[in-house]
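Taking it in order: structure first as C-alpha cells, then the write-up.
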Amino acid sequence: MSGLIQLAYFGVAVVFILGLKAMSSPVTARKGIVWAGYAMIAATLVTFYTPGMQNYGLMITAIVLGGGIAWWSGRVVKMTDMPQMVAIYNGMGGGAAAAIAALEFARGGTHGVAGTTLAVLGALIGSVAFSGSCIAFAKLQGIMTKAWRLPAQNMVNLGLAALAVLLGLGIVVVETPPSALVIAFFVVALALGAILTSPIGGADMPVVISLLNAFTGLAVGLEGYVLGNPALIVAGIVVGASGTLLTQLMAKAMNRPIRNIIFTPITGEAAGGGEAIEGSMKELSALDAASVMRYASKVIIVPGYGMAVAGAQHKVWEMAQLLEEGGVEVVFAIHPVAGRMPGHMNVLLAEAGVPYDKIFDLEEINADFPQADVALVIGANDVVNPVARTDKSSPIYGMPILNVDMAHNVIVVKRGQGAGYSGIENALFFRDNCRMLYGSAQQIIGEVITHVKALEV
C-alpha cells in the first residue's frame with residue numbers, strides 16, 4: 001500500500017509540473033492551470049489513503065470550507081483586484097506552512113536536530129511570507145495608502161532577522177522548547193515580514209509578490225520534509241523554484257537587483273530625486289485622437305493599470321478592431337512589470353479576446369516605436385518614462401522602458417495630472433510629440449470609438 005501511495009504521489013507531481021510548464025505559453029496556459037488543479041485535487045485524495053491519516057472529519061471540513069471560500073472569491077473578484085487576491089492567497093500558503101511547524105513544536109515531535117531545523121526554517125520563511133503578503137494585500141487594496149518606513153529601517157530588518165534566527169536556534173537546541181520561546185519566535189518572524197514589506201512602494205510590488213510566492217513555496221517544501229509528505233515536497237520545490245526564477249526575471253526587467261528592492265525601495269519619498277522637467281502638458285480632444293489614429297498606418301497600444309481600474313480592455317479591443325477595419329495596423333506592447341503583478345495586462349487583454357499574436361513584449365516591440373505613427377498609452381506611467389534612459393539622478397534610471405517617446409505621435413489617456421504609483425513625474429507627458437487625453441479610460445475610449453465610427457461615414 002505504501003508503495004502504491006508513493007507511486008501515486010509521483011504521478012501527481014509529474015502532472016503538476018507539466019501543468020506549470022504549460023502555463024509558460026499563452027496558448028496552453030488555461031490547459032496548464034486545469035492540469036495543475038486536477039493534480040492538487042488528486043494529491044488531496046491520495047492523502048486520505050496515507051497510513052496514519054485518521055482525522056477525516058477535520059480534513060473534509062477544511063477542504064469544504066477552503067474550497068467554498070476559494071470558489072466564491074474567485075467568482076466575484078474583479079480583474080482589477082486580482083493582484084491583491086493573488087497576494088493574500090499566497091500569504092495563506094506561507095501561513096499554512098508556519099502553522100504546520102507550530103503544530104509540530106506544540107506536539108513535541110521527535111524529528112531530531114535536522115528535522116527540527118527544517119521545521120524552524122519553514123516556520124520562519126512561511127511567517128515572513130504570510131505577514132509580508134498581508135501588507136502587500138493592504139497596499140494593493142488601498143488600505144495602506146503610502147509606504148511606511150522606520151528610522152534606520154535596514155538595521156531594524158537585520159536586527160529582527162538575527163533575533164528570529166537566535167530564537168529558532170533555541171527551539172532546535174532545547175529538546176522540549178517552552179511555549180514562550182515558540183511564541184516569541186513567531187511574533188518576531190511575523191513582525192519581520194510586515195516591517196520588511198511596509199516600505200516597498202508600488203513600483204516594486206510586482207517583484208515583491210513574486211518573491212513572497214517563492215518564499216511560500218520554499219516554506220511548504222521544507223515542511224513537507226518534516227512531515228514526510230512527497231506532495232508537499234514536490235509542490236513546494238516547484239513553486240519555490242518557479243517563483244525564484246520569475247522574481248529574477250522581474251528584477252531584471254526593472255534593472256534593479258533584488259537587494260535594492262528590499263533595502264532601497266522606490267517610494268514616493270524617494271522619488272524626489274531627478275532633474276527638473278521643463279515644458280507643459282498639452283491636452284487633446286477625443287475627436288482629434290480618433291482622427292490621428294484613424295488615418296495612421298500603425299498604432300501601438302500600451303496598456304497600464306489605468307486601463308485595468310477602468311475595466312476598459314473590452315472598449316480598447318473594440319477600438320482596435322475598428323481601426324484595423326479601416327486599414328490601420330494595431331498591436332499591443334506589454335512591459336514585464338506593467339500593472340500590479342506579473343502578466344496582469346496579458347490576462348486583461350486575453351479576457352477581452354485580443355489574439356496572442358497581437359501582443360508583444362518589450363524586447364519584441366521596442367524597435368518598432370520609431371516607425372509607429374501613434375503610440376496610445378492607457379494608464380501606464382513608470383514603464384514609459386524616458387528619464388529611465390537619460391537621468392542618472394532618477395530613482396528609476398536604468399530600468400528598461402517601452403520607447404513610447406520615439407513614436408511620431410504619443411497620446412496618453414490619464415485620469416489626471418498626478419504622478420504614477422512610484423511618485424515619479426513622467427517626462428514623456430511634457431514632450432512636444434505627446435498629447436494628454438484626460439478622463440476614465442472606459443469613457444474616453446468610448447468617445448474615441450464614436451468619433452472613429454463617424455469618420456467611417
Side-chain angles (χ1 to χ4, degrees), residues 13 16-17 19-21 23-24 29 32-33 36 39-40 82-101 118-137 139-140 157 160-161 164-165 168 189-190 192-200 203-226 229 231-263 265 336-337 339-344:
F16 184 75
I17 292 172
L20 290 182
K21 174 63 177 175
M23 293 181 205
S24 63
I33 292 172
M40 294 172 69
M82 192 61 72
Q84 47 265 49
M85 182 179 181
V86 170
I88 199 65
Y89 274 10
N90 173 65
M92 293 300 104
I100 290 173
L118 291 178
V120 167
L121 286 174
L124 175 58
I125 297 170
S127 297
V128 169
F130 173 72
S131 57
S133 295
C134 289
I135 295 297
F137 170 83
K139 286 174 173 287
L140 294 169
N157 292 339
L160 285 173
V165 170
L190 291 169
L192 174 61
I195 293 175
L196 195 67
T197 312
S198 294
I200 298 175
D204 292 325
M205 195 52 67
V207 185
V208 172
I209 291 176
S210 181
L211 180 61
L212 292 173
N213 178 63
F215 281 4
T216 292
L218 181 57
V220 169
L222 289 171
E223 299 305 337
Y225 277 106
V226 175
N229 188 310
L232 286 180
I233 295 172
V234 173
I237 291 175
V238 172
V239 172
S242 60
T244 300
L245 291 173
L246 181 59
T247 301
Q248 292 176 336
L249 291 172
M250 301 297 287
K252 181 180 178 182
M254 295 183 67
N255 196 28
R256 279 170 54 74
I258 296 174
R259 64 179 181 276
N260 284 6
I261 293 172
I262 298 299
F263 296 110
V337 295
R340 296 294 183 267
M341 62 179 287
H344 194 183

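Being a predicted model, the structure only gives us computed values, none of them experimental.
- Scored by the side-chain contact (heavy atoms from CB on, under 4.5 Å) test, Ile233 finds Tyr225, Ile237 as partners (sequence neighbours excluded).
- Looking only at side-chain heavy atoms (C-beta outward), Ile100 and Val226 stay at 4.5 Å or farther from each other.
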- Asn213/Val239 under side chain to side chain contact (heavy atoms under 4.5 Å, CB included): CA gap, chis, key distance, verdict: CA-CA 7 Å; Asn213 178 63; Val239 172; 3.9 Å; yes
- Message: Under the criterion side chain to side chain contact (heavy atoms under 4.5 Å, CB included), I'd like the reasoning laid out for Ile209 against Leu140: C-alpha separation, chi angles, the key distance, then a yes or no.
- Response: CA-CA 11 Å; Ile209 291 176; Leu140 294 169; 3.7 Å; yes
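- With sequence neighbours left out, Ala36 forms a side-chain contact (heavy atoms from CB on, under 4.5 Å) with Phe16, Met23.
- Residues forming a side chain to side chain donor-acceptor pair (under 3.5 Å) with Gln84 (at least two apart in sequence, or on another chain): Asp81, Gln141.
- Shown here for Glu223 and Ala101, the closest heavy-atom pair between the two residues is OE2-CB, 3.4 Å.
- Between the CG atom of Leu222 and the CG atom of Leu121 there is a distance of 6.0 Å, given to the nearest 0.5 Å.
- Atom CG of Leu196 sits about 9.5 Å away from atom CG of Leu160, to the nearest 0.5 Å.
- With sequence neighbours excluded, no residue forms a side chain to side chain donor-acceptor pair (under 3.5 Å) with Ser131.
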Please table the atom pairs, donor to acceptor, closer than 3.5 Å between any side-chain atom in residues 87-94 and protein atoms at least two apart or in another chain.
{"residue": "Tyr89", "atom": "OH", "partner": "Ser73", "partner atom": "OG", "Å": "2.2"}
{"residue": "Asn90", "atom": "OD1", "partner": "Thr216", "partner atom": "OG1", "Å": "3.1"}
{"residue": "Asn90", "atom": "ND2", "partner": "Ser133", "partner atom": "OG", "Å": "3.1"}
{"residue": "Asn90", "atom": "ND2", "partner": "Leu212", "partner atom": "O", "Å": "3.3"}

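- Leu218 CG to Leu124 CG: the interatomic distance, rounded to the nearest 0.5 Å, is 10.0 Å.
- Interatomic distance, OG1 of Thr244 versus CZ of Phe215, reported as 8.5 Å (0.5 Å rounding).
- Smallest separation of non-hydrogen atoms from Gly122 and Ala219: O-CB, 3.5 Å.
- Applying the side-chain contact (heavy atoms from CB on, under 4.5 Å) rule to Ile135 yields the partners Lys139, Met144, Ala194, Thr197, Ser198; only residues at least two apart in sequence or on another chain are considered.
- Among residues two or more places apart in sequence or in another chain, the side-chain contact (heavy atoms from CB on, under 4.5 Å) test is passed with Ser242 by none.
- Shortest non-hydrogen contact noted between Val207 and Ala251 is CG2-N, 4.2 Å.
- Contact record, Ala189 with Ser127: CB-CB, 3.6 Å, taken as the closest heavy-atom pair.
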